[in-house]
J.: 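Handing you this structure, nothing more for now.
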2 protein chains.
Amino acid sequence: MESEAVLAALSALAQETRLAVFRMLVRCEPDGMAAGDLAKTVGVPANTMSVHLNVLSRAGLISSERHSRSIVYRADLDRFRALMTFMLKDCCGGRSEICAPLIADLVPCCPPKETVDG
Amino acid sequence: MESEAVLAALSALAQETRLAVFRMLVRCEPDGMAAGDLAKTVGVPANTMSVHLNVLSRAGLISSERHSRSIVYRADLDRFRALMTFMLKDCCGGRSEICAPLIADLVPCCPPKETVDG
DNA sequence: CCCATATTTCCATTATTCATGAAATATGGA
DNA sequence: TCCATATTTCATGAATAATGGAAATATGGG
């Protein structure tokens, strides 16, 4: 992931409404949610929501697909993962002792398939 | 980590100079780097750097300690880890299949001590 | 105390972001 | 075609952030 894209993604998430929207969309995976429903749920006018959705889209964090009259938005988990990986690789930077605790923190929640007995 | 603190941290990192500074400080752990050296390295005036360092400090991502005439800044890896954990817990959200690939991606770099054969 | 170094604070300017009413666009039904 | 629904785009004002010159503060050496 390029540094420019990382900045765009961080900027996109560094705003109350957009962070709430993104978290909501992550929880709604893989169904997604329509723009109007997001506006109602988060409590902002439709046009304001539209602007925020556009920011998240340009940052590559969400995608959209028209379903009849609605436009359904979905979180792009691959992109989000790429962002997290970028941030964490800095943290590791060849010295695995630094972020091993983070991995240890996450593994109970998300065991990597390969290392779990099959 | 509180949502407000998460927003402050994301905002702090969502700026070119500050992201560069933070990455630099992570790489300089545990020695840290003086404000003036950071300004020279990143290529901004000392007063501009001071403002950015203050933003990162208020977000809890860095700490400072005076060493004689210099003020040495260090990355707060625990805080950074807390931020990453907050972001990733959303991603998992009870459905571990979502971010297991991210863990798999990171584990080669940072094997958690407990699950590696001894 | 006086000076040099290191950093921060103050201030003004410019740039960016946010919010929202109003208008425009896209879809589907009668 | 006309209408209702869903969403976006446009225009504008308000708020916030970024930058850097100049001055202020803190430290250590003589």
Side-chain angles (χ1 to χ4, degrees), chain A residues 3-25 28 31-76, chain B residues 3-25 28 31-76:
Chain A
S3 182
E4 198 179 342
V6 169
L7 280 173
L10 289 174
S11 298
L13 294 174
Q15 202 278 339
E16 190 172 8
T17 300
R18 292 195 297 261
L19 183 60
V21 165
F22 185 74
R23 297 181 70 187
M24 174 70 65
L25 288 178
C28 289
D31 296 334
M33 192 183 282
D37 293 338
L38 282 167
K40 278 191 209 102
T41 304
V42 174
V44 300
N47 58 352
T48 300
M49 177 55 70
S50 180
V51 173
H52 286 309
L53 289 171
N54 190 36
V55 172
L56 286 164
S57 285
R58 274 188 281 115
L61 289 167
I62 64 176
S63 61
S64 61
E65 193 177 340
R66 183 175 279 276
H67 284 196
S68 178
R69 266 178 285 200
S70 297
I71 296 182
V72 172
Y73 283 86
R74 287 188 54 190
D76 187 326
Chain B
S3 182
E4 197 178 345
V6 169
L7 280 173
L10 290 174
S11 299
L13 294 173
Q15 202 277 341
E16 191 174 7
T17 300
R18 290 194 297 260
L19 183 60
V21 165
F22 185 73
R23 297 181 69 188
M24 174 69 65
L25 288 179
C28 289
D31 297 334
M33 192 183 282
D37 292 339
L38 282 167
K40 278 190 210 104
T41 304
V42 174
V44 301
N47 57 351
T48 301
M49 177 56 70
S50 180
V51 173
H52 287 309
L53 289 171
N54 190 37
V55 172
L56 286 164
S57 285
R58 274 187 280 116
L61 289 166
I62 64 176
S63 62
S64 60
E65 193 178 340
R66 183 176 279 278
H67 283 198
S68 176
R69 267 179 283 199
S70 297
I71 295 182
V72 173
Y73 284 86
R74 287 188 55 188
D76 187 326

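Quick note on labels: first sequence line is chain A, next is B, and so on, each numbered from 1.
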J.: Could you state the atom-to-atom distance from NE2 of B/H67 to P of D/dA26 in whole Å?
T.: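 It is 19 Å, rounded to the nearest whole Å.
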J.: Taking only side-chain N and O atoms of B/Y73, does any of them lie within less than 4.0 angstrom of OP1 or OP2 on C/dA6?
T.: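 It does not, given that no N or O in the side chain of B/Y73 lies less than 4.0 Å from OP1 or OP2 of C/dA6.
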J.: With respect to the phosphate group of C/dT17, does any side-chain polar atom (N or O) of B/Q15 fall under 4.0 Å of OP1 or OP2?
T.: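 Negative; the distance criterion is not met.
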J.: Please examine the side chains of A/E4 and A/L7, heavy atoms only from C-beta on, and report whether any two atoms are closer than 4.5 Å.
T.: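 Side chain of A/L7 against side chain of A/E4, heavy atoms only: no contact under 4.5 Å found.
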J.: Would you kindly give the CD1-to-C1' distance between B/I62 and C/dT8, to the nearest whole Å?
T.: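 Atom-to-atom, B/I62 to C/dT8, this comes out as 14 Å.
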J.: Where do B/L10 and A/L13 come nearest, in terms of heavy atoms and distance?
T.: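 Looking at all heavy atoms of both residues, the shortest contact is CD1-O, 3.6 Å.
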J.: Would a 4.5 Å heavy-atom cut-off, applied to side chains only, mark B/L61 and B/R18 as touching?
T.: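 They are not in side-chain contact.
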J.: Using whole Å, report how far CD of A/E65 lies from C1' of D/dT7.
T.: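 Distance check: A/E65 CD to D/dT7 C1' gives 16 Å.
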J.: Have a look at A/A34 and say if it touches a base, only the backbone sugar-phosphate, or nothing, with a 4.0 Å heavy-atom cut-off.
T.: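 Touches sugar-phosphate only.
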J.: Of all the nucleotides listed (D/dG20, D/dT8, C/dA19), which has the minimum atom distance to the side chain of B/N47?
T.: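 Within the option list, the nearest is D/dG20.
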J.: Taking only side-chain N and O atoms of A/S68, does any of them lie within less than 4.0 angstrom of OP1 or OP2 on C/dT27?
T.: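 No, no such contact exists.
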J.: Name the nucleic acid region contacted by A/S70, choosing base, sugar-phosphate or nothing; use a 4.0 angstrom heavy-atom cut-off, strictly under.
T.: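 Sugar-phosphate, backbone atoms only, no base.
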J.: Does B/S50 put a side-chain nitrogen or oxygen below 4.0 Å from OP1 or OP2 of C/dT8?
T.: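 It does, given that an N or O in the side chain of B/S50 lies less than 4.0 Å from OP1 or OP2 of C/dT8.
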J.: Which nucleotide in the list C/dT8, C/dA6, D/dT8 gets nearest to the side chain of B/R69?
T.: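 Given the options C/dT8, C/dA6, D/dT8, the side chain of B/R69 is closest to C/dA6.
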J.: Taking atom C1' of C/dA6 as reference, at what distance in whole Å does atom CG of B/N54 sit?
T.: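 Taking atom C1' of C/dA6 as the reference, CG of B/N54 is at 16 Å.
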J.: Verify the contact: side-chain N or O of B/H52 to OP1 or OP2 of D/dA17, cut-off strictly under 4.0 Å; return yes or no.
T.: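 Negative; the distance criterion is not met.
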J.: With sugar-phosphate meaning primed atoms plus P, OP1 and OP2, does B/A46 contact a base, only sugar-phosphate, or nothing at under 4.0 Å between heavy atoms?
T.: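 Base, at least one base heavy atom under 4.0 Å.
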J.: Return the value, rounded to whole Å, for the distance between atom CG of A/L7 and atom C1' of D/dA17.
T.: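 Going from A/L7 (CG) to D/dA17 (C1'), I get 15 Å.
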J.: Tell me the interatomic distance from B/M33, atom CE, to C/dA6, atom P, rounded to whole angstroms.
T.: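 Distance check: B/M33 CE to C/dA6 P gives 15 Å.
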J.: Do any side-chain nitrogens or oxygens of B/R18 fall under 4.0 Å of OP1 or OP2 in D/dA17?
T.: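 Checking D/dA17 against B/R18, no side-chain N or O comes under 4.0 Å of OP1 or OP2.
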J.: Between C/dC18 atom P and A/M49 atom CE, what is the distance in whole Å?
T.: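 For the pair A/M49 CE and C/dC18 P, the rounded distance is 13 Å.
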J.: Would you mind reporting whether A/C28 and A/Y73 have side-chain heavy atoms less than 4.5 Å apart?
T.: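 Not touching, per the 4.5 Å side-chain cut-off.
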J.: Can you check the A/R66 CZ to D/dT5 P distance for me, whole Å?
T.: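 That distance rounds to 16 Å.
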J.: Which one of B/L25, B/V21, B/D76, B/V55 satisfies the side chain to side chain contact (heavy atoms under 4.5 Å, CB included) criterion with B/I62?
T.: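 Of the listed options, the one satisfying the test is B/L25.
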